[in-house]
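Let me begin by presenting the structure, written as structure tokens, before commenting on it.
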Amino acid sequence: MSEDPFATFDAAYVLGALSPEDRQRFEQHLRTCDRCAASVRELAGLPGLLARVDAPAVLPDVGAAPPDLLPTVLRRVRRGRRIRLGVTSASAALAVSACVALAVVASAPPPSVPAPPPSFAMTALGQFPVRADARLDAFDWGTQVDMSCSYTGGRSGGDYILVAISRSGVETQLATWKAVPDNTARIVIGTALQRSDLAALEVRGGSGRALLRLTL
């Protein structure tokens, strides 16, 4: 991209130092160049700034402002302009980024967490001091059984067995545990049987007698 040939005309224009031809060319350029027009607006107060300089106090033998004062003032003015432009650009970029992030957050639906399947109370098959609830979670590899079993008898209840029964009648022992009075056993176990292939779950005593059953 070629450099703007009028980029350095701003200060000379404000101070009235351009030739009539250059002034006319620059004024025509200002009609189409927002950057130069903004620069002229920022330097518009420069003549007044220089008029406040006490030239005799600075340089008694010269009736005008020191020759190095104008470049110094211009450097400070332009440096301030660059800082303001940089801060403005950074703030604008930050605001745009914040708006984009806000739009993404606002438009993205909250992640949905599937509700766990319900637990079912197992049916007692007699008068036994034991009760249980079971929940089944289906996975690609099979089924996870999450069961809580409580023994309410006054003395040791012996051993218990959790058995899965498939729809074809095949029985699979999933877990064993020992009953403890007034205690709840938590059993989480997996089986390769798919949820749709399970016909029932049974809690059996050590003798193999079915105490609780959940028909699926």
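What you see is a predicted model, and the numbers here were worked out from it, not measured in a lab. The basis for the numbers below is simple: all heavy atoms, side chains too, and nothing from hydrogens, waters or symmetry mates.
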Salt-bridge contact Arg186-Asp146 (side-chain N to carboxylate O under 4.0 Å): yes
Single-linkage hydrophobic cluster, 4.5 Å side-chain cutoff, Ile187 and Leu198 together: yes
Hydrophobic cluster identity match, Val145 and Val163, side-chain contacts under 4.5 Å: no
N-O pairing of Glu21 and Arg25 below 4.0 Å: no
More than 12 heavy atoms of other groups within 6.0 Å of Gln28 CD: yes
Parallel, tilted or perpendicular: ring planes of Phe9 versus Phe26, cut at 30 and 60 degrees: tilted
Spatial distance of atom NE2 (His29) from atom CG (Asp22) [nearest 0.5 Å]: 12.5 Å
Would you list the atom pairs, donor with acceptor, under 3.5 Å between side chains in residues 207-216 and any protein atom, with sequence neighbours excluded?
residue : atom : partner : partner atom : Å
Arg213  : NE   : Thr215  : OG1          : 3.4
Arg213  : NH1  : Glu202  : OE2          : 2.3

Over 12 non-hydrogen atoms of neighbours within 6.0 angstrom of CZ in Arg135: yes
pair Arg35-Asp4: side-chain heavy atoms closer than 4.5 Å: no
Trp141 versus Gln194, closest heavy-atom pair with distance: C-NE2, 3.9 Å
Short side-chain to backbone donor-acceptor contact, Thr143 and Arg195, under 3.5 Å: yes
Val203 side chain reached by Met147 side chain, heavy atoms, under 4.5 Å: yes
Under 3.5 Å donor-acceptor, Arg131 side chain and Ala121 backbone: no
Sub-4.5 Å side-chain heavy-atom contact between Leu162 and Trp177: yes
4.5 Å side-chain heavy-atom contact, Cys149 and Val130: yes
Nearest heavy-atom neighbours spanning Ser196 and Arg167: O-NE, 2.7 Å
Steps toward salt bridge (charged side-chain N to carboxylate O under 4.0 Å, His left out) verdict (Glu27, Arg31): CA-CA 7 Å; Glu27 286 177 345; Arg31 298 173 185 173; over 6 Å; no
Smallest separation among heavy atoms of Leu174 and Ala164, with atom names: CD1-CB, 3.7 Å
Contact summary for Ile161 and Gln173, nearest pair of heavy atoms: CG2-CG, 3.6 Å
Spatial distance of atom OG (Ser39) from atom CG (Leu30) [nearest 0.5 Å]: 9.0 Å
Under the side-chain contact (heavy atoms from CB on, under 4.5 Å) test, residues paired with Ser168 that sit two or more places apart: Ser166, Val170
ILVMFWY cluster, Tyr160 and Ile189 together (side-chain gap under 4.5 Å): yes
